[in-house]
There are 2 protein chains.
Amino acid sequence: MATQMRGTPPREQTPSTATTDGRGSDQWEALLELATSRPKRAPDRKQDRSKRTEQQILNAALRVFARDGISRSRIADIAAEAGISTSTLYEYYKSKEDLAYDLPTSHLVSFFQEYRLAAAGKTSAREKLSLYLSMSADFAREHADWGRLFYLEIWPSVLVSETELRHSVNDFARIALFLIDEGVRQGEFPEGRNTYETASILLGAVNQVIITWLLYRRPRNLTKASAEITERVLTMIANERTIS
Amino acid sequence: MATQMRGTPPREQTPSTATTDGRGSDQWEALLELATSRPKRAPDRKQDRSKRTEQQILNAALRVFARDGISRSRIADIAAEAGISTSTLYEYYKSKEDLAYDLPTSHLVSFFQEYRLAAAGKTSAREKLSLYLSMSADFAREHADWGRLFYLEIWPSVLVSETELRHSVNDFARIALFLIDEGVRQGEFPEGRNTYETASILLGAVNQVIITWLLYRRPRNLTKASAEITERVLTMIANERTIS
DNA sequence: AAAAAATCCGATAAAACGTCGAAAAAAATT
DNA sequence: AATTTTTTTCGACGTTTTATCGGATTTTTT
(Lines give C-alpha, C1' and ligand atoms only; values in the text may rest on other atoms or scores of the structure.)
Protein backbone atom coordinates (compact mmCIF):
# COMPACT_ATOMS: atom_id res chain seq x y z
CA MET A 1 0.00 0.00 0.00
CA ALA A 2 1.16 3.40 0.56
CA THR A 3 0.80 5.34 -2.42
CA GLN A 4 3.15 7.87 -3.47
CA MET A 5 2.59 10.35 -6.06
CA ARG A 6 4.68 12.92 -4.70
CA GLY A 7 3.75 14.75 -7.66
CA THR A 8 1.57 17.74 -7.71
CA PRO A 9 4.52 19.98 -7.11
CA PRO A 10 3.48 22.87 -4.98
CA ARG A 11 4.70 25.71 -7.11
CA GLU A 12 5.79 25.05 -10.63
CA GLN A 13 2.98 24.45 -12.97
CA THR A 14 3.94 24.72 -16.59
CA PRO A 15 0.66 24.32 -18.38
CA SER A 16 -1.67 27.18 -17.71
CA THR A 17 -5.28 26.67 -18.50
CA ALA A 18 -5.65 28.50 -21.73
CA THR A 19 -8.75 27.44 -23.57
CA THR A 20 -7.14 27.54 -26.95
CA ASP A 21 -6.97 24.58 -29.27
CA GLY A 22 -3.59 24.87 -30.95
CA ARG A 23 -1.90 26.19 -27.80
CA GLY A 24 -2.93 23.14 -25.85
CA SER A 25 -1.13 20.64 -28.03
CA ASP A 26 1.95 22.85 -28.12
CA GLN A 27 2.07 22.65 -24.37
CA TRP A 28 1.49 18.94 -24.49
CA GLU A 29 4.43 18.45 -26.82
CA ALA A 30 6.60 20.68 -24.68
CA LEU A 31 5.72 18.67 -21.63
CA LEU A 32 6.61 15.37 -23.29
CA GLU A 33 9.79 16.84 -24.72
CA LEU A 34 10.83 17.91 -21.24
CA ALA A 35 10.07 14.54 -19.70
CA THR A 36 11.92 12.58 -22.36
CA SER A 37 15.04 14.69 -22.28
CA ARG A 38 15.95 14.85 -18.64
CA PRO A 39 19.73 14.72 -18.49
CA LYS A 40 21.18 11.56 -17.09
CA ARG A 41 23.59 12.85 -14.54
CA ALA A 42 26.60 11.58 -16.52
CA PRO A 43 30.11 12.24 -15.23
CA ASP A 44 31.28 12.85 -18.79
CA ARG A 45 33.43 9.83 -19.25
CA LYS A 46 35.79 9.90 -22.22
CA GLN A 47 36.49 6.29 -22.97
CA ASP A 48 34.19 3.58 -24.22
CA ARG A 49 35.55 1.35 -21.53
CA SER A 50 34.03 3.68 -18.99
CA LYS A 51 30.62 3.56 -20.53
CA ARG A 52 30.76 -0.20 -20.32
CA THR A 53 31.89 -0.06 -16.71
CA GLU A 54 29.13 2.36 -15.84
CA GLN A 55 26.57 0.09 -17.41
CA GLN A 56 27.97 -2.86 -15.48
CA ILE A 57 27.66 -0.92 -12.27
CA LEU A 58 24.08 0.05 -13.02
CA ASN A 59 23.07 -3.48 -13.90
CA ALA A 60 24.78 -4.92 -10.88
CA ALA A 61 23.31 -2.33 -8.56
CA LEU A 62 19.81 -2.94 -9.82
CA ARG A 63 20.14 -6.67 -9.20
CA VAL A 64 21.66 -6.27 -5.75
CA PHE A 65 19.29 -3.52 -4.61
CA ALA A 66 16.26 -5.45 -5.79
CA ARG A 67 17.51 -8.57 -4.03
CA ASP A 68 18.63 -7.12 -0.71
CA GLY A 69 16.98 -3.73 -0.51
CA ILE A 70 19.06 -0.57 -0.51
CA SER A 71 19.82 -0.46 3.19
CA ARG A 72 21.07 -4.03 3.35
CA SER A 73 23.08 -3.86 0.15
CA ARG A 74 26.80 -3.35 0.40
CA ILE A 75 28.94 -1.37 -1.97
CA ALA A 76 31.45 -4.19 -2.05
CA ASP A 77 28.78 -6.64 -3.22
CA ILE A 78 27.72 -4.36 -6.04
CA ALA A 79 31.33 -3.85 -7.12
CA ALA A 80 31.97 -7.59 -7.06
CA GLU A 81 28.80 -8.24 -9.04
CA ALA A 82 29.96 -5.67 -11.58
CA GLY A 83 33.40 -7.27 -11.73
CA ILE A 84 35.31 -4.22 -10.58
CA SER A 85 36.99 -3.14 -7.39
CA THR A 86 35.26 -1.17 -4.69
CA SER A 87 37.40 1.86 -5.24
CA THR A 88 36.60 1.92 -8.93
CA LEU A 89 32.95 2.13 -8.09
CA TYR A 90 33.68 5.24 -6.07
CA GLU A 91 35.14 6.78 -9.22
CA TYR A 92 31.64 6.70 -10.64
CA TYR A 93 29.38 7.34 -7.67
CA LYS A 94 30.35 9.15 -4.57
CA SER A 95 28.14 7.08 -2.28
CA LYS A 96 25.62 4.30 -2.16
CA GLU A 97 22.85 6.83 -1.85
CA ASP A 98 24.09 8.65 -4.91
CA LEU A 99 24.02 5.43 -6.88
CA ALA A 100 20.60 4.39 -5.66
CA TYR A 101 18.96 7.67 -6.57
CA ASP A 102 20.62 8.00 -9.94
CA LEU A 103 19.73 4.50 -10.98
CA PRO A 104 16.02 4.90 -11.79
CA THR A 105 16.44 7.97 -13.97
CA SER A 106 17.21 6.28 -17.25
CA HIS A 107 14.36 3.83 -16.89
CA LEU A 108 11.96 6.64 -16.17
CA VAL A 109 13.06 8.53 -19.25
CA SER A 110 12.57 5.34 -21.27
CA PHE A 111 9.05 5.08 -19.95
CA PHE A 112 8.22 8.60 -21.07
CA GLN A 113 9.69 7.87 -24.48
CA GLU A 114 7.66 4.71 -24.87
CA TYR A 115 4.56 6.55 -23.82
CA ARG A 116 5.20 9.42 -26.17
CA LEU A 117 5.39 7.02 -29.05
CA ALA A 118 2.31 5.06 -28.06
CA ALA A 119 0.23 8.16 -27.37
CA ALA A 120 0.96 9.72 -30.74
CA GLY A 121 -2.13 8.20 -32.29
CA LYS A 122 -4.54 9.03 -29.50
CA THR A 123 -6.64 12.14 -29.69
CA SER A 124 -9.00 12.29 -26.74
CA ALA A 125 -7.67 13.20 -23.32
CA ARG A 126 -9.34 10.21 -21.79
CA GLU A 127 -7.64 7.83 -24.17
CA LYS A 128 -4.27 9.40 -23.50
CA LEU A 129 -4.83 9.23 -19.79
CA SER A 130 -6.00 5.66 -19.90
CA LEU A 131 -2.96 4.67 -21.89
CA TYR A 132 -0.67 6.60 -19.57
CA LEU A 133 -1.83 4.86 -16.44
CA SER A 134 -2.01 1.40 -17.97
CA MET A 135 1.44 1.78 -19.41
CA SER A 136 2.91 2.88 -16.11
CA ALA A 137 1.65 -0.30 -14.47
CA ASP A 138 2.86 -2.40 -17.35
CA PHE A 139 6.25 -0.80 -17.25
CA ALA A 140 6.63 -1.70 -13.60
CA ARG A 141 5.62 -5.25 -14.39
CA GLU A 142 8.07 -5.60 -17.25
CA HIS A 143 10.91 -4.13 -15.23
CA ALA A 144 10.05 -5.62 -11.87
CA ASP A 145 13.52 -5.15 -10.38
CA TRP A 146 13.38 -1.52 -11.28
CA GLY A 147 9.80 -1.32 -10.07
CA ARG A 148 10.65 -2.68 -6.67
CA LEU A 149 13.47 -0.25 -6.31
CA PHE A 150 11.56 2.74 -7.60
CA TYR A 151 8.09 2.28 -6.12
CA LEU A 152 9.07 0.65 -2.84
CA GLU A 153 12.31 2.36 -1.96
CA ILE A 154 13.02 5.49 -3.93
CA TRP A 155 9.81 7.24 -4.72
CA PRO A 156 8.30 7.07 -1.26
CA SER A 157 11.51 8.26 0.32
CA VAL A 158 11.81 11.69 1.82
CA LEU A 159 15.19 11.92 0.16
CA VAL A 160 13.89 11.89 -3.37
CA SER A 161 13.05 15.57 -3.18
CA GLU A 162 16.73 16.33 -2.70
CA THR A 163 17.85 14.55 -5.85
CA GLU A 164 17.73 15.21 -9.56
CA LEU A 165 15.27 12.39 -9.84
CA ARG A 166 12.57 14.63 -8.42
CA HIS A 167 12.21 16.32 -11.80
CA SER A 168 11.16 13.11 -13.48
CA VAL A 169 8.88 12.31 -10.58
CA ASN A 170 7.25 15.70 -10.90
CA ASP A 171 6.90 15.24 -14.66
CA PHE A 172 4.97 12.10 -13.97
CA ALA A 173 2.30 13.88 -11.97
CA ARG A 174 2.31 16.94 -14.19
CA ILE A 175 1.45 14.89 -17.26
CA ALA A 176 -1.54 13.31 -15.56
CA LEU A 177 -2.74 16.67 -14.32
CA PHE A 178 -2.38 18.21 -17.76
CA LEU A 179 -4.47 15.49 -19.35
CA ILE A 180 -7.21 15.88 -16.78
CA ASP A 181 -7.32 19.60 -17.38
CA GLU A 182 -7.44 18.95 -21.10
CA GLY A 183 -10.27 16.48 -20.61
CA VAL A 184 -12.24 19.14 -18.77
CA ARG A 185 -11.52 21.74 -21.45
CA GLN A 186 -12.71 19.38 -24.14
CA GLY A 187 -15.86 18.42 -22.28
CA GLU A 188 -14.84 14.83 -21.62
CA PHE A 189 -14.93 15.37 -17.88
CA PRO A 190 -17.35 17.58 -15.95
CA GLU A 191 -16.23 21.02 -14.91
CA GLY A 192 -16.08 22.51 -11.46
CA ARG A 193 -13.99 19.85 -9.76
CA ASN A 194 -10.59 20.36 -8.27
CA THR A 195 -8.36 18.72 -10.84
CA TYR A 196 -5.50 18.20 -8.39
CA GLU A 197 -7.93 16.15 -6.39
CA THR A 198 -8.96 14.25 -9.49
CA ALA A 199 -5.31 13.52 -10.25
CA SER A 200 -4.78 12.24 -6.72
CA ILE A 201 -7.66 9.84 -7.09
CA LEU A 202 -6.43 8.45 -10.39
CA LEU A 203 -2.76 8.21 -9.57
CA GLY A 204 -3.46 7.00 -6.06
CA ALA A 205 -5.57 4.13 -7.26
CA VAL A 206 -3.11 2.95 -9.88
CA ASN A 207 -0.08 3.30 -7.64
CA GLN A 208 -1.88 1.36 -4.97
CA VAL A 209 -2.40 -1.52 -7.34
CA ILE A 210 1.17 -1.42 -8.60
CA ILE A 211 2.64 -1.43 -5.12
CA THR A 212 0.42 -4.24 -3.95
CA TRP A 213 1.52 -6.26 -6.94
CA LEU A 214 5.20 -5.56 -6.36
CA LEU A 215 4.87 -6.65 -2.74
CA TYR A 216 2.55 -9.61 -3.01
CA ARG A 217 2.28 -10.40 -6.71
CA ARG A 218 -1.38 -9.80 -6.37
CA PRO A 219 -3.58 -9.33 -8.30
CA ARG A 220 -2.08 -12.07 -10.42
CA ASN A 221 -2.53 -10.25 -13.69
CA LEU A 222 -1.34 -6.71 -13.14
CA THR A 223 -1.89 -5.62 -16.72
CA LYS A 224 -5.53 -6.60 -16.64
CA ALA A 225 -6.13 -5.28 -13.14
CA SER A 226 -4.58 -1.88 -13.76
CA ALA A 227 -6.42 -1.43 -17.04
CA GLU A 228 -9.62 -2.35 -15.29
CA ILE A 229 -9.22 -0.01 -12.36
CA THR A 230 -8.11 2.78 -14.68
CA GLU A 231 -11.24 2.45 -16.80
CA ARG A 232 -13.43 2.19 -13.76
CA VAL A 233 -12.10 5.35 -12.19
CA LEU A 234 -12.10 7.25 -15.46
CA THR A 235 -15.73 6.32 -15.98
CA MET A 236 -16.61 7.40 -12.47
CA ILE A 237 -14.91 10.73 -13.06
CA ALA A 238 -16.56 11.23 -16.43
CA ASN A 239 -19.98 10.50 -14.94
CA GLU A 240 -19.64 12.70 -11.90
CA ARG A 241 -22.32 15.32 -11.51
CA THR A 242 -21.07 18.70 -12.62
CA ILE A 243 -20.57 21.23 -9.88
CA SER A 244 -20.85 24.84 -10.74
CA MET B 1 9.17 -15.47 12.72
CA ALA B 2 6.36 -16.66 14.96
CA THR B 3 3.87 -14.20 16.25
CA GLN B 4 4.99 -13.53 19.73
CA MET B 5 1.90 -13.05 21.76
CA ARG B 6 2.85 -11.78 25.14
CA GLY B 7 0.79 -10.35 27.90
CA THR B 8 -2.85 -11.16 28.18
CA PRO B 9 -4.19 -12.77 25.05
CA PRO B 10 -7.03 -10.72 23.65
CA ARG B 11 -10.17 -12.47 24.76
CA GLU B 12 -13.43 -11.82 23.05
CA GLN B 13 -16.29 -10.25 24.81
CA THR B 14 -19.71 -10.72 23.35
CA PRO B 15 -20.33 -7.55 21.46
CA SER B 16 -23.35 -5.65 22.66
CA THR B 17 -23.74 -3.93 19.35
CA ALA B 18 -27.21 -4.97 18.35
CA THR B 19 -27.65 -3.79 14.82
CA THR B 20 -29.48 -5.43 11.97
CA ASP B 21 -27.69 -8.76 11.71
CA GLY B 22 -25.73 -9.93 14.67
CA ARG B 23 -23.29 -12.01 12.64
CA GLY B 24 -21.80 -9.09 10.72
CA SER B 25 -21.24 -6.93 13.76
CA ASP B 26 -19.64 -9.86 15.58
CA GLN B 27 -17.06 -9.97 12.87
CA TRP B 28 -16.68 -6.21 12.99
CA GLU B 29 -16.03 -6.23 16.71
CA ALA B 30 -13.59 -9.08 16.35
CA LEU B 31 -11.71 -7.18 13.70
CA LEU B 32 -11.43 -4.08 15.85
CA GLU B 33 -10.47 -6.12 18.87
CA LEU B 34 -7.68 -7.69 16.89
CA ALA B 35 -6.39 -4.40 15.57
CA THR B 36 -6.40 -2.70 18.95
CA SER B 37 -4.61 -5.48 20.77
CA ARG B 38 -1.57 -6.16 18.67
CA PRO B 39 1.24 -7.00 21.08
CA LYS B 40 3.97 -4.47 21.39
CA ARG B 41 7.12 -6.46 21.03
CA ALA B 42 8.52 -5.42 24.42
CA PRO B 43 11.32 -7.41 26.01
CA ASP B 44 9.50 -7.54 29.35
CA ARG B 45 11.61 -5.19 31.40
CA LYS B 46 11.36 -5.52 35.15
CA GLN B 47 12.15 -2.06 36.42
CA ASP B 48 10.28 1.18 35.95
CA ARG B 49 13.52 2.78 35.00
CA SER B 50 13.62 0.57 31.94
CA LYS B 51 10.21 1.61 30.82
CA ARG B 52 11.33 5.20 31.02
CA THR B 53 14.48 4.44 29.08
CA GLU B 54 12.51 2.63 26.44
CA GLN B 55 10.20 5.58 26.08
CA GLN B 56 13.17 7.91 25.79
CA ILE B 57 14.61 5.76 23.04
CA LEU B 58 11.33 5.70 21.17
CA ASN B 59 10.87 9.45 21.41
CA ALA B 60 14.44 10.14 20.41
CA ALA B 61 14.31 7.71 17.51
CA LEU B 62 11.13 9.24 16.18
CA ARG B 63 12.67 12.70 16.20
CA VAL B 64 15.93 11.61 14.61
CA PHE B 65 14.32 9.38 11.99
CA ALA B 66 11.85 12.08 11.02
CA ARG B 67 14.65 14.62 10.76
CA ASP B 68 17.32 12.60 8.93
CA GLY B 69 15.45 9.69 7.41
CA ILE B 70 16.16 6.16 8.52
CA SER B 71 19.14 5.53 6.27
CA ARG B 72 21.04 8.63 7.33
CA SER B 73 20.25 8.29 11.01
CA ARG B 74 22.93 6.88 13.23
CA ILE B 75 22.44 4.74 16.26
CA ALA B 76 24.84 6.92 18.19
CA ASP B 77 22.76 10.02 17.46
CA ILE B 78 19.60 8.38 18.68
CA ALA B 79 21.31 7.20 21.84
CA ALA B 80 22.71 10.66 22.49
CA GLU B 81 19.32 12.23 21.90
CA ALA B 82 17.83 9.77 24.37
CA GLY B 83 20.56 10.56 26.88
CA ILE B 84 21.94 7.04 27.10
CA SER B 85 24.98 5.25 25.79
CA THR B 86 25.06 3.42 22.50
CA SER B 87 25.47 0.06 24.12
CA THR B 88 22.43 0.61 26.30
CA LEU B 89 20.36 1.13 23.20
CA TYR B 90 21.50 -2.24 21.98
CA GLU B 91 20.05 -3.75 25.14
CA TYR B 92 16.65 -2.70 23.85
CA TYR B 93 16.88 -3.09 20.11
CA LYS B 94 19.20 -5.38 18.29
CA SER B 95 19.63 -3.09 15.27
CA LYS B 96 18.54 0.15 13.72
CA GLU B 97 16.19 -1.74 11.45
CA ASP B 98 14.64 -3.44 14.42
CA LEU B 99 14.03 -0.11 16.09
CA ALA B 100 12.66 1.58 13.00
CA TYR B 101 10.13 -1.12 12.32
CA ASP B 102 9.01 -1.53 15.90
CA LEU B 103 8.53 2.16 16.41
CA PRO B 104 5.28 2.75 14.51
CA THR B 105 3.39 -0.10 16.13
CA SER B 106 2.19 1.65 19.26
CA HIS B 107 0.97 4.68 17.35
CA LEU B 108 -0.91 2.48 14.96
CA VAL B 109 -2.61 0.66 17.80
CA SER B 110 -3.55 4.04 19.29
CA PHE B 111 -5.12 5.01 16.01
CA PHE B 112 -7.25 1.91 15.95
CA GLN B 113 -8.31 2.55 19.51
CA GLU B 114 -9.27 6.13 18.78
CA TYR B 115 -11.20 5.00 15.76
CA ARG B 116 -12.97 2.26 17.63
CA LEU B 117 -14.22 4.79 20.13
CA ALA B 118 -15.27 7.33 17.55
CA ALA B 119 -17.01 4.78 15.35
CA ALA B 120 -19.10 3.37 18.16
CA GLY B 121 -21.98 5.70 17.41
CA LYS B 122 -22.00 5.25 13.64
CA THR B 123 -24.35 2.76 12.10
CA SER B 124 -24.08 2.93 8.32
CA ALA B 125 -21.06 1.44 6.60
CA ARG B 126 -20.53 4.60 4.64
CA GLU B 127 -20.38 6.71 7.77
CA LYS B 128 -17.91 4.34 9.37
CA LEU B 129 -15.79 4.31 6.26
CA SER B 130 -15.87 8.05 5.92
CA LEU B 131 -14.83 8.46 9.51
CA TYR B 132 -12.09 5.87 9.12
CA LEU B 133 -10.41 7.56 6.21
CA SER B 134 -10.77 11.08 7.56
CA MET B 135 -9.38 10.00 10.89
CA SER B 136 -6.40 8.32 9.32
CA ALA B 137 -5.46 11.56 7.59
CA ASP B 138 -6.03 13.54 10.74
CA PHE B 139 -3.93 11.15 12.75
CA ALA B 140 -1.04 11.62 10.36
CA ARG B 141 -1.43 15.37 10.64
CA GLU B 142 -1.48 15.33 14.43
CA HIS B 143 1.53 13.04 14.60
CA ALA B 144 3.49 14.39 11.68
CA ASP B 145 6.84 12.94 12.75
CA TRP B 146 5.26 9.54 13.00
CA GLY B 147 3.47 10.12 9.72
CA ARG B 148 6.66 10.91 7.87
CA LEU B 149 8.29 7.81 9.21
CA PHE B 150 5.34 5.55 8.61
CA TYR B 151 3.97 6.74 5.29
CA LEU B 152 7.24 7.77 3.65
CA GLU B 153 9.66 5.17 4.89
CA ILE B 154 8.08 2.17 6.51
CA TRP B 155 4.83 1.33 4.84
CA PRO B 156 6.02 1.25 1.25
CA SER B 157 9.19 -0.56 2.14
CA VAL B 158 9.92 -4.06 0.96
CA LEU B 159 11.04 -4.86 4.47
CA VAL B 160 7.71 -4.26 6.14
CA SER B 161 6.41 -7.66 5.12
CA GLU B 162 9.15 -9.30 7.14
CA THR B 163 8.29 -7.56 10.38
CA GLU B 164 5.61 -7.83 13.02
CA LEU B 165 4.33 -4.48 11.90
CA ARG B 166 2.84 -6.09 8.84
CA HIS B 167 -0.06 -7.34 10.93
CA SER B 168 -1.15 -3.83 11.79
CA VAL B 169 -0.63 -2.76 8.21
CA ASN B 170 -2.82 -5.61 7.06
CA ASP B 171 -5.45 -4.74 9.66
CA PHE B 172 -5.62 -1.29 8.18
CA ALA B 173 -6.57 -2.53 4.75
CA ARG B 174 -8.75 -5.30 6.11
CA ILE B 175 -10.94 -2.86 8.01
CA ALA B 176 -11.56 -0.76 4.93
CA LEU B 177 -12.36 -3.86 2.91
CA PHE B 178 -14.77 -5.13 5.53
CA LEU B 179 -16.67 -1.86 5.58
CA ILE B 180 -16.98 -1.81 1.82
CA ASP B 181 -18.33 -5.35 1.82
CA GLU B 182 -20.74 -4.37 4.55
CA GLY B 183 -21.84 -1.36 2.54
CA VAL B 184 -22.60 -3.63 -0.38
CA ARG B 185 -24.51 -6.08 1.83
CA GLN B 186 -26.60 -3.29 3.24
CA GLY B 187 -27.35 -1.78 -0.14
CA GLU B 188 -25.36 1.41 0.40
CA PHE B 189 -23.05 0.57 -2.47
CA PRO B 190 -23.96 -1.16 -5.72
CA GLU B 191 -23.29 -4.84 -6.09
CA GLY B 192 -21.18 -6.61 -8.66
CA ARG B 193 -17.97 -4.67 -8.25
CA ASN B 194 -14.68 -6.09 -7.12
CA THR B 195 -14.45 -4.80 -3.58
CA TYR B 196 -10.67 -5.19 -3.44
CA GLU B 197 -10.56 -2.79 -6.31
CA THR B 198 -12.91 -0.44 -4.54
CA ALA B 199 -10.69 -0.52 -1.49
CA SER B 200 -7.65 0.28 -3.61
CA ILE B 201 -9.37 3.33 -5.03
CA LEU B 202 -10.39 4.65 -1.63
CA LEU B 203 -7.18 3.95 0.22
CA GLY B 204 -5.07 5.01 -2.73
CA ALA B 205 -6.72 8.39 -2.98
CA VAL B 206 -6.49 9.17 0.71
CA ASN B 207 -2.92 7.94 1.04
CA GLN B 208 -1.96 10.04 -1.92
CA VAL B 209 -3.27 13.16 -0.24
CA ILE B 210 -1.62 12.31 3.06
CA ILE B 211 1.75 11.70 1.46
CA THR B 212 1.63 14.86 -0.57
CA TRP B 213 0.83 16.78 2.58
CA LEU B 214 3.66 15.17 4.52
CA LEU B 215 6.11 16.12 1.81
CA TYR B 216 4.94 19.55 0.77
CA ARG B 217 2.41 20.63 3.36
CA ARG B 218 -0.05 20.92 0.53
CA PRO B 219 -2.98 21.09 0.49
CA ARG B 220 -2.71 23.53 3.35
CA ASN B 221 -5.65 22.14 5.25
CA LEU B 222 -5.24 18.39 5.27
CA THR B 223 -8.27 17.73 7.42
CA LYS B 224 -10.56 19.54 5.03
CA ALA B 225 -8.91 18.12 1.91
CA SER B 226 -9.02 14.53 3.06
CA ALA B 227 -12.63 14.79 4.20
CA GLU B 228 -13.47 16.29 0.85
CA ILE B 229 -11.76 13.67 -1.26
CA THR B 230 -13.18 10.92 0.92
CA GLU B 231 -16.72 12.15 0.41
CA ARG B 232 -16.15 12.65 -3.27
CA VAL B 233 -14.89 9.13 -3.83
CA LEU B 234 -17.53 7.58 -1.60
CA THR B 235 -20.22 9.37 -3.57
CA MET B 236 -18.72 8.22 -6.83
CA ILE B 237 -18.69 4.66 -5.57
CA ALA B 238 -22.23 4.85 -4.25
CA ASN B 239 -23.46 6.22 -7.57
CA GLU B 240 -21.71 3.74 -9.79
CA ARG B 241 -23.93 1.79 -12.12
CA THR B 242 -24.61 -1.68 -10.78
CA ILE B 243 -23.00 -4.49 -12.69
CA SER B 244 -24.64 -7.86 -12.65
C1' DA C 1 56.83 4.85 -29.30
C1' DA C 2 56.96 8.52 -26.01
C1' DA C 3 54.03 11.65 -23.54
C1' DA C 4 49.63 12.72 -21.69
C1' DA C 5 45.23 11.61 -20.16
C1' DA C 6 41.91 8.55 -18.35
C1' DT C 7 40.88 4.64 -15.73
C1' DC C 8 41.59 1.20 -12.30
C1' DC C 9 42.96 -0.84 -7.90
C1' DG C 10 45.60 -2.12 -3.42
C1' DA C 11 46.50 -0.18 0.86
C1' DT C 12 44.67 2.19 4.33
C1' DA C 13 41.99 5.69 6.93
C1' DA C 14 37.40 6.85 8.83
C1' DA C 15 32.99 5.89 10.38
C1' DA C 16 29.36 3.32 11.90
C1' DC C 17 27.86 -1.07 13.82
C1' DG C 18 27.78 -4.37 17.30
C1' DT C 19 29.69 -7.25 21.60
C1' DC C 20 31.26 -8.16 26.17
C1' DG C 21 32.46 -8.00 30.84
C1' DA C 22 32.46 -5.31 34.70
C1' DA C 23 30.52 -1.36 37.34
C1' DA C 24 26.38 0.79 39.12
C1' DA C 25 21.66 0.72 40.55
C1' DA C 26 17.58 -1.48 42.12
C1' DA C 27 15.25 -5.28 44.27
C1' DA C 28 15.14 -9.26 47.18
C1' DT C 29 16.70 -11.75 51.11
C1' DT C 30 18.44 -12.39 55.48
C1' DA D 1 20.16 -2.30 57.27
C1' DA D 2 23.55 -5.15 55.60
C1' DT D 3 24.17 -8.57 52.19
C1' DT D 4 23.10 -11.15 48.32
C1' DT D 5 20.90 -11.42 43.88
C1' DT D 6 19.00 -9.51 39.87
C1' DT D 7 18.59 -5.94 36.56
C1' DT D 8 20.36 -2.20 34.05
C1' DT D 9 23.97 0.71 32.31
C1' DC D 10 28.18 1.83 30.09
C1' DG D 11 33.13 2.15 28.59
C1' DA D 12 36.43 -0.45 26.11
C1' DC D 13 37.16 -2.91 22.20
C1' DG D 14 36.54 -5.91 17.89
C1' DT D 15 34.19 -6.09 13.38
C1' DT D 16 32.08 -4.54 9.30
C1' DT D 17 31.19 -1.19 5.92
C1' DT D 18 32.17 3.10 3.82
C1' DA D 19 35.26 6.19 1.72
C1' DT D 20 40.03 8.16 0.23
C1' DC D 21 44.44 8.44 -2.03
C1' DG D 22 48.64 7.71 -4.54
C1' DG D 23 50.49 5.10 -7.78
C1' DA D 24 50.07 1.33 -11.35
C1' DT D 25 47.80 0.16 -15.68
C1' DT D 26 45.44 1.01 -19.83
C1' DT D 27 43.98 4.02 -23.53
C1' DT D 28 44.49 8.11 -26.32
C1' DT D 29 47.17 11.74 -28.28
C1' DT D 30 51.20 13.63 -30.24
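The figures here come from the full heavy-atom set of this structure, side chains too, leaving out hydrogens, waters and symmetry mates. So that the names make sense, note that chain A is the first sequence line, chain B the second, and so on, each numbered from 1. Note that this is a predicted model, so its numbers are computed, not measured.
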When rounded to whole Å, the NZ to P distance for the pair A:K51 and D:dT28 reads 11 Å

Nearest whole angstrom, please: distance from the C1' of D:dA12 to the OH of B:Y90.
-> 15 Å

Under a 3.5 Å limit for both distances, which nucleotide forms a Watson-Crick or G-U wobble pair with D:dT30, could you say?
-> C:dA1

Identify whether the distance between the nearest side-chain nitrogen and carboxylate oxygen of A:R63 and A:E81 falls below 4.0 Å.
-> yes

Nucleotide nearest A:Q47 (side chain, heavy atoms from C-beta), chosen from D:dT7, C:dC8, D:dT27 | D:dT27

Would you kindly give the NZ-to-P distance between A:K46 and C:dT7, to the nearest whole Å?
-> 7 Å

Roughly, in whole Å, what's the span from CD in A:E54 to P in C:dT7?
-> 11 Å

For the pair made of OH in B:Y93 and C1' in D:dT8, what is the distance, rounded to whole Å?
-> 16 Å

Nucleotide C:dA5, atom P - distance to CZ of A:R49 in whole Å | 16 Å

B:K94 NZ to C:dA16 C1': how many Å, rounded?
-> 18 Å

What nucleotide, of D:dC10, D:dT8, C:dC9, holds the atom closest to the side chain of B:E91?
-> D:dC10

Any idea how A:F139 and A:W146 line up, ring-wise: parallel (<30°), tilted (30 to 60°), or perpendicular (>60°)?
-> perpendicular

Give a yes/no verdict on a cation-pi contact between B:R166 and B:Y101, requiring under 6.0 Å between NZ or CZ and the six-membered ring centre and an angle within 45° of the axis.
-> no

Distance-only side-chain donor-acceptor flag, A:Q56 / A:Y92, under 3.5 Å | no

Gap between atom OG of B:S71 and atom CZ of B:F65 - 0.5 Å precision = 10.0 Å

Cationic N near anionic O, under 4.0 Å, A:D171 to A:R38 = yes

Between A:R45 and C:dA6, is there a side-chain N or O to OP1/OP2 distance below 4.0 Å?
-> no

Rounded to whole angstrom units, what separation is found between the CG atom of B:D48 and the C1' atom of D:dT8?
-> 13 Å

Pair A:S85-A:T88, side-chain donor/acceptor within less than 3.5 Å = yes

For DNA chain D, the residues among residues 58-89 of chain A that have a non-hydrogen atom under 4.0 Å from it = A:S73, A:R74, A:I75, A:S87

